[in-house]
Undergrad: 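Before we start, here is the structure in question, set down as structure tokens.
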Protein chains: 2
Amino acid sequence: MARRQLPSLNALRAFEAFGRHGRMTLAADELCVTHGAVSRQIRQLEEQLGVALTEGPRSRLRMTEAGLKLAQALSPAFDQIEAAVPQPVPVGPRPLVVSCLPTFAMKWLIPRLPSFQAAYPDIPVRVAESNGPFDFKADGVDLAIRMRSPDTVVTYEAEVWPFMEHYHGPIMSPEVAVAQPMSLERICTMPRLLTRTFLEGWSDWARNFELDHLPPPASEQVFDHYFYMIEAAAAGLGVAIGPWAFVQRDLASGRLVAPLGFTHGRARIVAVTPPDGATKEALLFRDWLLEQGASTPLPPEASCDSRGGR
Amino acid sequence: MARRQLPSLNALRAFEAFGRHGRMTLAADELCVTHGAVSRQIRQLEEQLGVALTEGPRSRLRMTEAGLKLAQALSPAFDQIEAAVPQPVPVGPRPLVVSCLPTFAMKWLIPRLPSFQAAYPDIPVRVAESNGPFDFKADGVDLAIRMRSPDTVVTYEAEVWPFMEHYHGPIMSPEVAVAQPMSLERICTMPRLLTRTFLEGWSDWARNFELDHLPPPASEQVFDHYFYMIEAAAAGLGVAIGPWAFVQRDLASGRLVAPLGFTHGRARIVAVTPPDGATKEALLFRDWLLEQGASTPLPPEASCDSRGGR
DNA sequence: GGGCCATGTGAAGAAACCTCACAGAAGGCC
DNA sequence: GGCCTTCTGTGAGGTTTCTTCACATGGCCC
């Protein structure tokens with residue numbers, strides 16, 4: 001009586017997962033159900049709330065603004081619940097703990113993990129998603145994956161292994177892009193989408209065009225995570241500087257377009273191991289990362305970029 | 001795959017409600033189910049987590065420390081979810097919005113609301129739970145209920161109507177109390193439980209015993225809400241200064257005891273209405289509050305307290 | 001001991017949820 | 001255009017989960 005009746009929590013969770021992944025199929029994988037189940041849950045939620053949460057053709061569904069707002073508000077709440085629930089006692093050998101940006105985990109690492117597990121079936125891996133700083137000892141982290149630009153002030157002792165170059169470029173929904181031909185000037189004045197995780201994205205990207213001072217955009221919106229920035233771009237809210245590694249699939253499926261292609265960013269994706277020696281497993285994982293990084297395809301236009309290369 | 005499998009969200013919600021109310025029956029009322037359903041959910045949760053969340057005889061169940069920790073972590077997460085879900089468009093007349101401390105709502109106001117609704121069936125009431133400051137206009141609040149001690153610095157323009165005196169005293173679980181006869185001195189040195197909502201509780205209470213300087217306690221623990229402080233006392237974690245109005249039922253059922261009785265506190269429970277004139281409905285509600293306040297029984301020992309009376 | 005109150009529980013029924021299989025819609029490619 | 005791929009929508013039916021009802025149990029108070 002005290003609290004208003006909430007819609008089904010399972011439906012909210014399904015929508016939150018959809019919000020992060022941008023695709024029902026991936027959300028369904030995460031939740032270990034079929035895509036049909038997610039589809040039903042989301043539709044039921046939309047009916048109960050009387051608000052459209054998704055829009056667009058099935059093959060490139062995107063969130064509405066209301067949906068983006070809801071998903072963004074739900075994510076931290078579910079994170080909190082997850083953190084609150086005591087972990088069951090782990091069985092078997094201590095897993096290799098890899099700390100990683102949430103979006104990098106979702107969009108790059110986790111899809112490739114089966115390859116590592118096939119090669120080393122005896123090394124269980126636990127991915128700990130985290131944006132912020134970490135402590136190898138206190139958090140039990142064996143290896144961390146971070147983005148590091150040359151400007152990053154290093155405040156910790158650690159060994160750093162770059163394993164992938166960072167290509168990025170302006171991304172937006174096809175509907176936004178077809179309105180008129182995209183030029184550098186026009187993109188710079190459109191509503192700009194940022195992520196708290198990498199606020200320097202725009203200025204970093206602008207260097208490649210010798211634009212030291214970006215013209216002011218029509219508006220700016222900051223998201224807590226890369227994935228919500230990407231979904232906002234898909235929803236047509238503006239232009240974001242998206243890393244190639246994160247948007248590859250969305251470009252292939254046509255949910256997003258990148259009319260100016262991708263250029264080589266100053267940041268790199270690095271693996272970080274503790275200064276006092278990494279475990280044997282962490283080194284194997286690092287080697288696997290180097291290998292996977294090398295075999296991740298380059299963006300098609302990257303060769304036009306004189307600064308690129310690896 | 002990315003995220004660990006959580007226990008049933010409904011089970012977590014049932015436990016969270018139990019945590020706030022301290023009784024399965026009340027949690028069941030809030031969730032509009034039978035007590036049996038809540039009982040099963042909590043048992044299932046305990047089995048899945050492999051942790052005891054409740055303990056003690058059925059007639060005065062209490063949370064374990066693990067349970068208290070879990071419930072406290074879950075509450076803000078569910079609050080966040082509730083806040084995130086867009087409200088369905090309200091039907092009918094605009095309800096009278098009453099802003100109120102969460103614990104006061106749960107333990108005093110909501111159980112009495114049916115009486116108001118019986119008297120004024122045409123005035124729908126919405127209880128907005130909030131600890132902090134509020135804005136009559138921005139939050140659409142018609143009337144607020146707060147605790148106000150004489151020291152409170154008034155920073156807002158408003159009309160204030162005290163409607164209930166505040167009696168409080170040290171409360172603890174019967175197990176803690178029977179260990180030895182309770183004296184003022186002993187109570188002051190036991191582990192002390194506080195609530196962020198009313199940190200001055202202990203010093204306020206101590207004035208009645210001319211104890212200007214409380215001896216330091218064995219330890220101190222601060223809870224975000226009165227109800228978790230009360231549940232911690234029931235769990236045997238220490239002694240809290242509990243308001244009579246909030247613990248009346250727990251004393252009657254034997255979940256808590258108050259060996260030193262209750263004394264008249266300096267704070268009062270007040271209704272606050274906007275400075276520019278309250279609505280007709282808000283005034284009716286204020287009158288009803290005055291009436292309910294007067295008919296709330298006094299603590300049995302209050303008459304021994306020379307400062308009491310109203 | 002009898003009454004009261006709150007929780008535990010067995011069995012049955014209701015509701016929610018999921019899967020399977022197929023359909024539809026859009027885009028890419030030849 | 002025709003075919004293929006990818007992704008979501010949906011009807012039917014099955015499975016799991018959740019609830020209820022009614023009664024049992026246990027502790028407390030008088």
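Note: hydrogens, waters and symmetry copies are ignored here, and every other heavy atom, side chains too, is used.
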Undergrad: Is any NZ, NE, NH1 or NH2 atom of the basic residue among A:E47 and A:R43 found under 4.0 Å from an Asp or Glu carboxylate oxygen of the other?
TA: yes
Undergrad: Between A:H225 and A:F227, how do the two ring planes meet: parallel, tilted or perpendicular, split at 30° and 60°?
TA: parallel
Undergrad: Whole Å only: how far is the CZ atom of B:R43 from the P atom of C:dA6?
TA: 19 Å
Undergrad: Provide, to the nearest angstrom, the distance between the CG atom belonging to A:L251 and the P atom belonging to D:dT6.
TA: 17 Å
Undergrad: Whole-Å distance between C:dA16 P and A:Q48 CD?
TA: 9 Å
Undergrad: Could you tell me how far apart B:R62 (CZ) and C:dA6 (P) are, to the nearest whole angstrom?
TA: 17 Å
Undergrad: Would you mind classifying the nucleic acid contact of B:R255 as base, sugar-phosphate or nothing, using non-hydrogen atoms under 4.0 angstrom?
TA: nothing
Undergrad: Between A:P57 and A:A37, who's closer to the 5' end of DNA chain C by nearest nucleotide?
TA: A:A37
Undergrad: With centres under 5.5 Å and planes under 30° as the test, does A:H35 stack with D:dT8?
TA: yes
Undergrad: Quick one: is A:S8 getting a side-chain N or O under 4.0 Å of the C:dC17 phosphate, OP1 or OP2?
TA: yes
Undergrad: If you assign each of A:S59 and A:Q41 to its closest nucleotide in DNA chain C, which residue comes earlier from the 5' end?
TA: A:Q41
Undergrad: Quick one about B:S75 and B:E16 (side-chain donor to acceptor, distance below 3.5 Å, no hydrogens or angles considered), yes or no?
TA: yes
Undergrad: Just the rounded figure in Å: distance from P of D:dT10 to CE of A:M24.
TA: 10 Å
Undergrad: Would you say B:T25 reaches C:dA6's phosphate, i.e. side-chain N/O to OP1/OP2 under 4.0 Å?
TA: no
Undergrad: Consider only side-chain N and O atoms of A:W108 and A:T296, and report whether a donor and an acceptor are under 3.5 Å apart.
TA: yes
Undergrad: Measure from CZ on A:R23 to C1' on D:dT8 and round the result to the nearest Å.
TA: 12 Å
Undergrad: Of A:E231, A:E30, A:E129, which is the lone residue that meets salt bridge (charged side-chain N to carboxylate O under 4.0 Å, His left out) with A:R20?
TA: A:E30
Undergrad: Counting just side-chain N and O atoms, does B:N10 come under 4.0 Å of either OP1 or OP2 of D:dT17?
TA: no
Undergrad: With a 4.0 Å cut-off on heavy atoms, is A:S253 in touch with a base, just the backbone sugar-phosphate, or nothing at all?
TA: nothing
Undergrad: Does A:R40 make a side-chain donor-acceptor contact with the base of C:dT19, cut-off 3.5 Å?
TA: yes
Undergrad: Which residue, B:V33 or A:R60, contacts DNA chain D at a nucleotide closer to its 5' end, judged by nearest heavy atom?
TA: A:R60
Undergrad: Over how many whole Å does the gap from B:L53 atom CG to C:dT7 atom P extend?
TA: 15 Å
Undergrad: May I ask you to verify if any side-chain N or O of B:R58 is less than 4.0 angstrom from the OP1 or OP2 atom of C:dC4?
TA: no
Undergrad: Just how far, in rounded Å, is C1' of D:dT17 from CZ of B:R13?
TA: 15 Å
